Amino acid sequence: MGNRLVWDERYNIGVEIIDREHKKLFGILGKLFDFGNRAEKSHFACQEAIKYFKDHAIQHFSDEEAYMDSIDYPGLRAHRRIHKDFRERMLPALESELEMTGFSATSIHHFLGVCAGWLIAHTMIEDHIIVSGEPVMHWENLLPEEEQAMMGQTVASILHSMFRLNPQLISNYYAGEQFGRGICCRLVYSDGEKKSWEFLLLFEEQLVGSIIGNAVSSKSETTAMMLSNVASYAATQLVERVRRYFPSLKPLVLKEEQILTYEQFYRMYERLSPQFSFLFDTGKGYFAYCMAASHMPLSGDGITAVAKDAVAALESRLRLDDPLPHPCPDSAVEAEADRRKILVVDDSDFMRRAMLDLLGRDYEVLTADSSMSAIRSITLARPDLVLLDYEMPVCNGGQMLEMIRSEKEFADIPVIFLTCRVDRASVEKAISLKPEGYLSKSLSAESVKREIDRFFEKRERR
């Protein structure tokens, strides 16, 4: 993304109200780009400009959907999902980063890069086909929301266990936006016949720097190559872990690894119809993860990734749960599969992150923030233990336990309550529901970990 955002007549779709609103949104972002280039920035002015953009974007979505409805556009439902993701997930996450960093230069760059990239891509891809009456083909292969949630949760958990990051999923509809200086990796897997799978992973450069501890401060060709190799190796390890988690992906064989320029990355992305396309804010930089079944031939574009030079750097600097040789042997796959799976159900983001930090090294940890999210996770990936917050809103821990016990397939899944209440009446009420255990949130982290370790040791002795 350059230093300015300029309207181009190619963005017109031929519908006056939509084109007029698109121009308005481009104009607002253009002023923000100009503002972001100033040496002195007013926090208040930037905040008001961003609020102005958000209000106009939301109104535009409403007007655009009303127009599509009026012409019985067949892609209205998919379009609404894309708008909803931007409105309810991406924008709030970008705003939160701005507030938390005091409108730092990096957070402003993220906001402008992601919003401008999204707006251009959405206008050129989804909005242009409204007038032709075609459905939104680019997103036609996206899997159902339940599977999206499961894959997003899995990738976030792997990012945490590999790099001790606390990633936040900020979009299920990453459209190839350039969010900063990035390192693009492409992995191609094959089933041995005609079908291939494309994995496109984009690491913000500062994220890769944080992974290796910012050990190299100078900018040089050697530094760039080192960062590229680290990103390539990390991408391969991440996808290998994802494959182990989903049985349908296990038979695939890695055929090619490439490091791409952003332009090469975007050209390939445009030709794909992804099944998953996520954007994460890891707290150390942005990360995009895209996966698609593809018949695209292996490309000569890009640089073939040579990861072996980065292995030593990664294994010495990353706190990996199980550093793997390259390629990984069957024994490593089996070791990963043997890790016990724990589902943490708590409406507190702090508690979920705390349990990830505490248990992520020894267990495979999934999280859910509500009873519905928990049931979805249990259905898609049966856990070995559920750590369940007893005082959740809407559907409390007791009701959640009854839901689990009422389903024959889930009835034998052990559940341990987590609670802040330690008074006698509360303890007796919780125990009367016959969970496997009851842990106070006031216990030390070491005590909680010790009790969970003991629980699995006892089950192994049975």
Side-chain angles (χ1 to χ4, degrees), residues 1-37 49-91 94 108-142 171-179 262-274 277 279:
M1 189 62 56
N3 292 325
R4 297 189 64 200
L5 183 66
V6 180
W7 174 261
D8 190 304
E9 291 303 316
R10 292 179 304 136
Y11 303 150
N12 280 322
I13 72 169
V15 178
E16 185 179 354
I17 184 173
I18 295 177
D19 289 336
R20 185 171 62 245
E21 291 178 350
H22 281 164
K23 284 184 181 180
K24 183 72 172 178
L25 291 171
F26 270 79
I28 297 169
L29 281 178
K31 289 179 180 178
L32 273 168
F33 266 88
D34 291 339
F35 179 81
N37 291 328
I50 287 168
K51 182 177 183 298
Y52 191 52
F53 170 79
K54 178 182 175 182
D55 291 345
H56 272 272
I58 292 172
Q59 182 59 51
H60 166 61
F61 293 162
S62 177
D63 292 341
E64 191 171 81
E65 289 168 16
Y67 172 77
M68 288 187 283
D69 192 31
S70 72
I71 62 171
D72 295 322
Y73 175 55
L76 174 58
R77 185 178 177 185
H79 228 96
R80 276 187 173 141
R81 285 176 61 187
I82 296 167
H83 287 167
K84 182 179 179 182
D85 183 79
F86 185 82
R87 180 178 64 245
E88 298 183 7
R89 189 192 292 271
M90 189 184 290
L91 268 179
L94 291 168
I108 292 173
H109 185 75
H110 282 158
F111 184 92
L112 293 173
V114 171
C115 287
W118 186 93
L119 183 59
I120 292 170
H122 184 60
T123 301
M124 293 295 289
I125 298 172
E126 286 92 18
D127 287 351
H128 261 268
I129 61 177
I130 293 174
V131 293
S132 69
E134 299 174 18
V136 184
M137 303 298 292
H138 183 70
W139 302 114
E140 67 175 348
N141 290 324
L142 275 182
S171 179
N172 286 329
Y173 291 86
Y174 173 67
E177 303 92 349
Q178 187 173 15
F179 41 72
Y262 174 75
E263 289 72 22
Q264 291 167 337
F265 167 86
Y266 192 74
R267 281 202 304 271
M268 290 185 179
Y269 179 84
E270 281 188 306
R271 290 151 59 191
L272 293 175
S273 180
S277 194
L279 180 62

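What you see is a predicted model; the values in this text were computed from it and never measured.
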So His79 and His83, would you call those rings parallel, tilted or perpendicular, with 30° and 60° as cut-offs? perpendicular
Practice item. Show your working on side chain to side chain contact (heavy atoms under 4.5 Å, CB included) between Glu64 and Val15 and close with a plain yes or no. Key: CA-CA 10 Å; Glu64 191 171 81; Val15 178; over 6 Å; no
One should read off an interatomic distance between Tyr67 OH and Ile18 CD1, to the nearest 0.5 angstrom, of 6.0 Å
Nearest heavy-atom approach of Cys115 to Phe86 is SG-CZ, 4.1 Å
Closest heavy-atom pair, Arg89 versus Ser171, reported as atoms and distance to 0.1 Å, is CD-N, 3.4 Å
When every non-hydrogen atom of Ala57 is compared with those of Leu25, the smallest separation belongs to N-CD2, 3.6 Å
Distance col, row Asp63:CG vs His56:NE2, nearest 0.5 angstrom, shows 11.0 Å
Does the side chain of Leu279 come within less than 4.5 Å of Asn172's, by heavy atoms? no
To the nearest 0.5 Å, atom CD of Glu21 lies from atom CZ of Phe26 at 13.5 Å
Are the side chain of Asp19 and the backbone N or O of Ile13 linked by a donor-acceptor pair below 3.5 Å? yes
Residue set satisfying side chain to side chain contact (heavy atoms under 4.5 Å, CB included) with Arg81, at least two apart, ordered chain then number -> Glu145, Tyr173
Distance col, row Leu272:CG vs Ser277:OG, nearest 0.5 angstrom, shows 9.0 Å
Note: Ala175 and Tyr266 closest approach over all heavy atoms is O-CE1, 3.6 Å
Could you go step by step and tell me if Glu65 and Met68 meet the side chain to side chain contact (heavy atoms under 4.5 Å, CB included) rule? CA-CA 5 Å; Glu65 289 168 16; Met68 288 187 283; 4.0 Å; yes
For a side chain to side chain contact (heavy atoms under 4.5 Å, CB included) check, start with the C-alpha distance between His22 and His60, then their side-chain angles and the critical distance, and finish with the verdict.
CA-CA 8 Å; His22 281 164; His60 166 61; 3.2 Å; yes
The reported gap from NZ in Lys84 to CZ in Arg87 (rounded to nearest 0.5 angstrom) is 8.0 Å
Asp55 meets the side-chain hydrogen bond (donor to acceptor under 3.5 Å, both in side chains) criterion, sequence neighbours left out, with Lys51
inquiry  = If you count every heavy atom of other residues, nucleotides or ligands that lies below 6.0 Å from Glu16 atom CD, does the total exceed 12?
reply    = no
Between Tyr269 and Gly176, the two heavy atoms sitting closest are CE2-N, 3.9 Å
**OP:** Go through Phe111 and Leu91 one step at a time and tell me if the side chain to side chain contact (heavy atoms under 4.5 Å, CB included) criterion holds.
**Re:** CA-CA 8 Å; Phe111 184 92; Leu91 268 179; 4.0 Å; yes
